[in-house]
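Only one structure is covered here, and it is reproduced in the block below.
Atoms considered below: every heavy atom in the structure, side chains included; atoms not considered: hydrogens, waters and symmetry mates.
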Amino acid sequence: METNQPTKVTVQAVIQAPVEKVWRYWTEPDHITKWNQASEDWHAPRAENDLRVGGKFLTRMEAKDGSMGFDFGGVYDVVNRHEAIGYTLGDGRRVDIVFVDQGNETKVIETFDAESSNPVEFQQAGWQAIMDNFKAYTEQN
């Protein structure tokens, strides 16, 4: 059965930190460059973030050996401080992130439109790996 609706994929984590810290680490470029990679052989050498509706963000993602890299960016559609972020990627796909304040911990739920050139399971694993890096970085710093 074919559909014009993109497949929605969700990744999540419970971060052992209050929502104010989680929000700051998720949105500030100095922190983004420390956690935004799916594996140890990649890194994010640069991040820019204009966190407002209509604002743009861009994270440069590169293999540490210099063999490949790409810009990951989009435009914000939703910015509700400490609650939710929504954006549209350059290729038109949607991403929505919800921050659930649970006192001394925060649940982060990220849902994105899958792209069509890689298996959904591969995409989910990559985005979950980035989420897991975010969790580890935020809890350790």
Side-chain angles (χ1 to χ4, degrees), residues 1-65 67-141:
M1 180 168 114
E2 291 205 25
T3 176
N4 291 336
Q5 295 297 319
T7 300
K8 300 270 186 201
V9 181
T10 299
V11 297
Q12 61 185 327
V14 175
I15 317 301
Q16 300 302 312
V19 70
E20 295 82 7
K21 178 181 180 182
V22 170
W23 181 269
R24 193 170 68 250
Y25 279 39
W26 188 273
T27 61
E28 292 179 3
D30 286 349
H31 292 296
I32 294 168
T33 59
K34 306 285 193 308
W35 60 262
N36 200 354
Q37 65 273 336
S39 63
E40 286 296 317
D41 52 342
W42 279 74
H43 67 143
R46 187 177 79 256
E48 303 167 12
N49 196 17
D50 182 9
L51 186 63
R52 61 181 176 83
V53 172
K56 295 181 180 180
F57 71 92
L58 182 128
T59 303
R60 179 67 186 169
M61 305 180 93
E62 295 180 355
K64 288 182 179 176
D65 67 6
S67 62
M68 59 190 321
F70 62 94
D71 290 336
F72 181 83
V75 177
Y76 290 109
D77 306 305
V78 175
V79 178
N80 295 327
R81 185 176 165 89
H82 299 164
E83 295 176 6
I85 295 172
Y87 58 83
T88 302
L89 295 169
D91 62 6
R93 294 184 297 134
R94 289 272 314 145
V95 179
D96 292 292
I97 305 126
V98 177
F99 300 82
V100 182
D101 183 350
Q102 299 177 325
N104 287 329
E105 63 183 28
T106 305
K107 186 173 193 176
V108 181
I109 306 162
E110 185 173 28
T111 303
F112 65 94
D113 293 343
E115 43 92 355
S116 57
S117 49
N118 290 294
V120 170
E121 298 78 15
F122 178 80
Q123 294 174 65
Q124 184 170 23
W127 285 59
Q128 185 65 55
I130 293 170
M131 178 72 76
D132 293 345
N133 282 343
F134 173 74
K135 173 181 170 63
Y137 172 76
T138 303
E139 290 178 353
Q140 294 166 8
N141 291 283

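Taking NZ of Lys21 as the start and NE2 of His31 as the end, the distance is 8.5 Å to the nearest 0.5 Å. Note that OH of Tyr87 is 9.5 Å distant from CZ of Arg94, once rounded to the nearest 0.5 Å. One distance of note links CD of Glu62 with CE of Met68; it measures 11.0 Å at 0.5 Å rounding. Residue Asp30 holds its CG atom at 11.5 Å from CG of Asn49, rounded to the nearest 0.5 Å. The CZ atom of Phe70 lies 8.5 Å from the CZ atom of Arg60; values are rounded to the nearest 0.5 Å. Separation of atoms CG (Leu58) and CZ (Phe72) is listed at 10.0 Å; rounding is to 0.5 Å.
A distance-only check finds no donor-acceptor pair linking the side chain of Thr138 to the backbone of Lys135 [under 3.5 Å]. One N or O on the side chain of Lys64 and one on the backbone of Glu40 form a donor-acceptor pair closer than 3.5 Å. Judged by distance alone, with hydrogens and angles left aside, the side-chain atoms of Asp96 form no donor-acceptor pair with the main-chain N or O of Thr111 at under 3.5 Å. When atom types are taken as modelled, the side chain of Gln124 and the backbone of Thr10 share a donor-acceptor pair closer than 3.5 angstrom. In this structure a side-chain-to-backbone donor-acceptor pair under 3.5 Å is missing from Thr33 to Ala47. Listed for the Glu115 side chain is a donor-acceptor partner under 3.5 Å among the backbone atoms of Ser117. With hydrogens and angles ignored, the 3.5 Å screen pairs no side-chain donor or acceptor of Glu83 with any backbone N or O of Phe99. Remark: side-chain polar atoms of Glu139 are paired, donor with acceptor, to backbone N or O of Gln16 under 3.5 angstrom. Listed for the Asp101 side chain is no donor-acceptor partner under 3.5 Å among the backbone atoms of His82. A distance-only check finds a donor-acceptor pair linking the side chain of Asn133 to the backbone of Gln37 [under 3.5 Å].
Shortest non-hydrogen contact noted between Thr27 and Trp23 is OG1-O, 2.8 Å. Here the shortest heavy-atom pairing between Val22 and Ala17 reads CG2-O, 3.8 Å. Minimum heavy-atom separation, Gln12 to Gln128: O-NE2, 3.1 Å. Scanning all heavy atoms of the two residues, the minimum distance from Pro6 to Ala114 falls at CB-O, 4.5 Å.
Taking the side chain as every heavy atom from C-beta outward, Val108 and Ile97 approach each other to under 4.5 Å. Taking 4.5 Å as the limit, some side-chain heavy atom of Ile130 sits within range of a side-chain heavy atom of Met61. At least one side-chain heavy atom of Met131 sits less than 4.5 Å from a side-chain heavy atom of Val11. Counting heavy atoms from C-beta on, the side chains of Ile15 and Trp26 never come closer than 4.5 Å. Counting only heavy atoms from C-beta outward, the side chains of Tyr76 and Ile85 approach each other to under 4.5 Å.
Under a cut-off of 6.0 angstrom, the local environment of CG in Asn104 is sparse, with at most 12 non-hydrogen atoms contributed by other residues, nucleotides or ligands. The number of heavy-atom neighbours closer than 6.0 Å to CZ of Arg81, taken from other residues, nucleotides and ligands shown, is 12 or below.
You'll find the ring centres of Trp35 and Tyr25 outside the 6.0 Å limit.
Side-chain atoms of Tyr137 and Asn36 form no donor-acceptor pair, as typed in the model, at a separation below 3.5 Å.
Salt bridge annotation for Glu48-Arg46: present, with a cationic side-chain nitrogen under 4.0 angstrom from a carboxylate oxygen.
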